[in-house]
Amino acid sequence: MANDQVIQLDFWPSMYGMRLRIALAEKEIKYEYRDEDLRNKSPLLLQMNPIHKKIPVLIHNGKPICESIIGVEYIDEVWKDKAPLLPSDPYERAQARFWADYIDKKLYATGSKIYTATGDEQEAGKKDFVEILKVLEGALGEKPYYGGDNFGFGDIALIGFYCWFHAYEVYGNFSIEAECPNLVAWAKRCMQRDSVAKTLPDQHKIIEFVKILREKLGLE
Amino acid sequence: MASEKVKLLGYWASPFALKVHWALKLKGIEYEYQEEDLSNKSPLLLQYNPVHKKIPVLVHNGKPIAESLVILEYIEETWKHNPLLPEDPYERAKARFWAKFVDDKCVPGIFGTFAKVGVEQQKIAKEARENLKILEDELGKKHFFGDAKIGFMDVTSAWIICWAQIVEEVVDIRLIDAEEMPSLVSWFQNVLEAAPILKECTPPKDKLLEHNKGFHEMLVASAPS
């Protein structure tokens, strides 16, 4: 697949975009990264994802794959000879998919209440967010990674949120490490991998980004 | 796999359980079915799906799998005959994309039209129609999303047509216009006619309608006015 052309339409703070960037790095696939201006989306983004008009979009030899989790599975299926991301056992694969789905349904929407809402709604968001993190910590159990001994699909689904942790903590005035020490230890373990360390932006850059977002919402 | 034990925890009027029935039938898997009382969930359900506490749950040799799309992928990977997903990774990604589109966009629209009232109901019904039209355009002139035969997306999603029609009748709001959506309107029927084995395990529409009329009365009665 030497002649493969891979383009990633993305936006740097996106934890969903990060999933694909990490998967591509794990597979050592060369690709062109294009950061989108979400207030002025490129014609290519609108053409490649006409239904949702959202990043991330993975474009492989001109064909778009939308939805980050579907993209990670696609990468795993196309480049199957290197660094398998999903386990081989169907039951373990189902577990990985179940947790990725849980993260997609719960985490972002709940977490964003911490920095976009105020008062009771913010407090409720924080409480729910910590509960979700605890469920995710419970799912990890004593294992080093979500799939067991090896870094994989479940880790990729969640780790992008780690660089947002500091922003959640600052605006929610709480400590994730105090609530979920094993989850933070897992995140630090993931950060020792090149694919993750080179993909995740600095936590302070995310805080700056959230600050600008809050200014626009009239919260700062 | 002679000693396999497959059990499905479901609810007769749940479309999410129906997709699992359909996938198991198409694969020819024998399974035991346990009907759940959703107002008094069994200890088994709570034990097997402690996170969501929802049906359907598939239990295969004692191991539980929850969430209907996850269950379908599991069935597809465990029993590889009569494949539902195509082989080509890009086509697989497309099938998954459309199944997710239905779950994320069409299902909340159809259920919202059922559950909401007034302006909010009109707004969500309009969005539902727009998303159903997108689906119509994707289906085009084909009988099924799987093209020549029933595929993943047909198993995961064709039920929405039947349910949309039930909602239309209960709340008297049009969702699927036969002129605007000629392919979509016959999609569910096409699937049932192509696979009589699916028809046998699909609850009759009049029974579903009656059930949902009662359910709707309860919803409206308990809604804040």
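Values reported hereafter were calculated over all heavy atoms of this structure, with side chains retained and with hydrogens, waters and symmetry mates removed.
- For residues 149-167 of chain B, an interface with chain A (any heavy-atom pair closer than 4.5 Å) does not exist.
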Inset, instruction - I would like to know whether Arg92(B) and Glu73(A) meet side chain to side chain contact (heavy atoms under 4.5 Å, CB included); could you show each step before the answer? - result: CA-CA 10 Å; Arg92(B) 294 164 73 86; Glu73(A) 278 206 51; 6.0 Å; no
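- At most 12 heavy atoms of other shown residues, nucleotides or ligands fall within 6.0 angstrom of atom NZ in Lys126(B).
- Heavy atoms of other residues, nucleotides or ligands lying less than 6.0 angstrom from NZ of Lys54(B) number 12 at most.
- Residue Asp37(B) places its CG atom among more than 12 non-hydrogen atoms of other residues, nucleotides or ligands, all under 6.0 Å distant.
- Using a 4.5 Å cut-off on side-chain heavy atoms (C-beta onward), Tyr91(A) and Glu77(B) make no contact.
- For OH of Tyr108(A), the number of neighbouring non-hydrogen atoms (other residues, nucleotides, ligands) closer than 6.0 Å is 12 at most.
- For residues 173-184 of chain B, the set of pairs meeting the salt bridge (Lys or Arg N to Asp or Glu O under 4.0 Å) definition, not counting sequence neighbours, comprises Glu168(B)-Arg174(B).
- Side-chain atoms of Trp98(B) and Ile51(A), non-hydrogen and from C-beta on, do get closer than 4.5 Å to each other.
- In this structure the side chain of Val51(B) reaches within 4.5 angstrom of the side chain of Trp99(A), judged on heavy atoms.
- Interface remark: Lys100(B) contributes side-chain atoms only to the contact with chain A (heavy atom separation under 4.5 Å).
- How far CD1 of Ile71(B) is from CZ of Arg97(A): 12.5 Å, rounded to the nearest 0.5 Å.
- Contacts with chain A were tallied for Phe101(B), Tyr90(B), Tyr74(B); Tyr90(B) has the most, counting heavy-atom pairs under 4.5 Å.
- Of the candidates Ile69(A), Ile70(A), Ile65(A), Ile70(A) is the only one forming a side chain to side chain contact (heavy atoms under 4.5 Å, CB included) with Arg96(B).
- Glu87(B) contributes atom CD, which lies 11.0 Å from atom CD of Glu77(A) (distance to the nearest 0.5 angstrom).
- For Lys94(B), no part lies near chain A; criterion is any non-hydrogen pair under 4.5 Å.
- Within the 4.5 Å cutoff, the side chain of Trp79(A) has no heavy atoms near those of the Pro89(B) side chain.
- In the displayed structure, Asp120(A) atom CG is contacted under 6.0 Å by at most 12 heavy atoms of other residues, nucleotides or ligands.
- Within a 6.0 Å radius of NE2 in His21(B), more than 12 heavy atoms belonging to other residues, nucleotides or ligands are found.
- In plain terms, the two heavy atoms of Ile65(B) and Ala94(A) that are nearest each other are CG2-CB, 4.0 Å.
- With respect to the salt-bridge test (charged N to carboxylate O, under 4.0 angstrom), the residues Glu67(B) and Lys105(A) qualify.
- Between Glu73(B) and Arg93(A), none of the side-chain N atoms (NZ, or NE/NH1/NH2) sits under 4.0 Å from a carboxylate O, so this pair counts as no salt bridge.
- Both the backbone and the side chain of Pro64(A) come within less than 4.5 Å of a heavy atom of chain B.
- The environment of NZ in Lys41(A) is crowded: more than 12 heavy-atom neighbours from other residues, nucleotides or ligands sit within 6.0 Å.
- A 6.0 Å sphere centred on NZ of Lys116(B) holds no more than 12 heavy atoms belonging to other residues, nucleotides or ligands.
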Inset, instruction - List the steps, then state whether salt bridge (charged side-chain N to carboxylate O under 4.0 Å, His left out) holds for Lys63(A) with Glu91(B). - result: CA-CA 11 Å; Lys63(A) 289 178 180 168; Glu91(B) 293 302 320; 5.7 Å; no
